[in-house]
Amino acid sequence: MLVLYTAYEKSKNLSYIPLLKNPVVAGRNALSVYYYVGLRKITVGGQKVKVPYHYLTSNSKGNGGTIVDSGTTFIFLSHGVFEPVLNAFVKQVKGFSRSEKIERLTNLRPCFNVSGNKTVSLPQMKFHFKGGAEMALPLANYFFIVGENDVICLTRVTDSGLEFSDAELLC
């Protein structure tokens with residue numbers, strides 16, 4: 001179980017993530033409604049993804065940092081975080097070809113053709129937070145089956161070409 005809370009007592013059965021103070025930026029009141037947490041690193045298949053640290057922590061203008069938004073379907077990753085995560089999956093997923101047609105149709109990537117396979121093994125993605133808490137996501141939280149069980153896609157959305165701040169959204 002993962003608990004988001006500003007004050008807590010330690011327990012060996014729970015992992016706690018302290019909430020961080022939201023950046024106060026003139027003209028950007030929307031930042032005040034989010035829950036910021038201290039994401040320190042992301043691992044894929046047990047290997048650290050090389051993400052520039054400035055994407056994981058917010059600056060004085062409110063850019064960067066990690067936001068928890070339980071009302072979203074997808075996890076939003078800024079381009080500077082998404083590309084290294086995407087590359088980690090592409091590097092580690094062996095034996096399946098990319099499905100560029102489905103990637104173009106869905107705007108999700110990477111997508112892999114898994115047709116003819118009864119079972120598929122994919123690397124685990126894990127978030128590592130300030131204070132030592134870790135969150136290993138269930139596979140269904142970050143891969144989605146498209147069509148007739150022939151293609152699976154990473155269900156992460158990036159800001160490539162869109163106007164967003166650099167904050168990461170975790171659902």
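Below, each value reflects all heavy atoms present in this structure, side chains not excepted, and no hydrogens, waters or symmetry copies.
Residue pairs that meet the side chain to side chain donor-acceptor pair (under 3.5 Å) test with at least one member in residues 91-100, sequence neighbours left out, are Arg98-Glu103.
Between Leu86 and Arg109, some side-chain heavy-atom pair lies under the 4.5 Å cut-off. A 4.5 Å side-chain heavy-atom check between Ile152 and Cys111 finds every atom pair outside the cut-off. Under the 4.5 Å side-chain criterion, counting only non-hydrogen atoms from C-beta, Lys101 is in contact with Leu105. Side-chain atoms of Ile145 and Val114, non-hydrogen and from C-beta on, never get closer than 4.5 Å to each other. Side-chain contact check for Phe127 versus Lys41: every heavy-atom pair is 4.5 Å or farther apart. Put simply, the side chain of Leu139 reaches to within 4.5 Å of the side chain of Leu122, judged on heavy atoms.
Residue Asn117 holds its CG atom at 7.0 Å from OG1 of Thr119, rounded to the nearest 0.5 Å.
Atom CZ of Phe144 sits in a sparse spot, with 12 or fewer heavy atoms from other residues, nucleotides or ligands closer than 6.0 Å.
Heavy atoms only, all atoms of each residue included: Val85 and Val49 are closest at N-CG1, 3.7 Å. Contact detail for Tyr55 and Ser78: the closest heavy-atom pair is CD2-OG, 3.5 Å. Shown here for Val51 and Gly80, the closest heavy-atom pair between the two residues is CG1-O, 4.5 Å. Of all the heavy atoms in Leu39 and Thr66, the pair that sits closest is CB-OG1, 3.2 Å. Taking each heavy atom of Val37 and Leu20 in turn, the nearest pair found is C-CD1, 3.5 Å. In plain terms, the two heavy atoms of Pro123 and Val93 that are nearest each other are CD-CG2, 3.7 Å.
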Item checked: Residue pair Thr43, His128: steps toward the side chain to side chain contact (heavy atoms under 4.5 Å, CB included) verdict -> CA-CA 8 Å; Thr43 56; His128 304 261; 2.9 Å; yes

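Taking Lys126 as the reference, Glu134 meet the salt bridge (Lys or Arg N to Asp or Glu O under 4.0 Å) condition, with sequence neighbours excluded. Remark: Asn87 engages no residue in a side chain to side chain donor-acceptor pair (under 3.5 Å) (not counting sequence neighbours).
If you look at Phe89 and Phe143, their ring centroids are closer than 6.0 Å.
Judged by distance alone, with hydrogens and angles left aside, the side-chain atoms of Tyr142 form a donor-acceptor pair with the main-chain N or O of Met125 at under 3.5 Å. In this structure, the side chain of Asn113 engages the main chain of Ser115 through a donor-acceptor pair within 3.5 Å.
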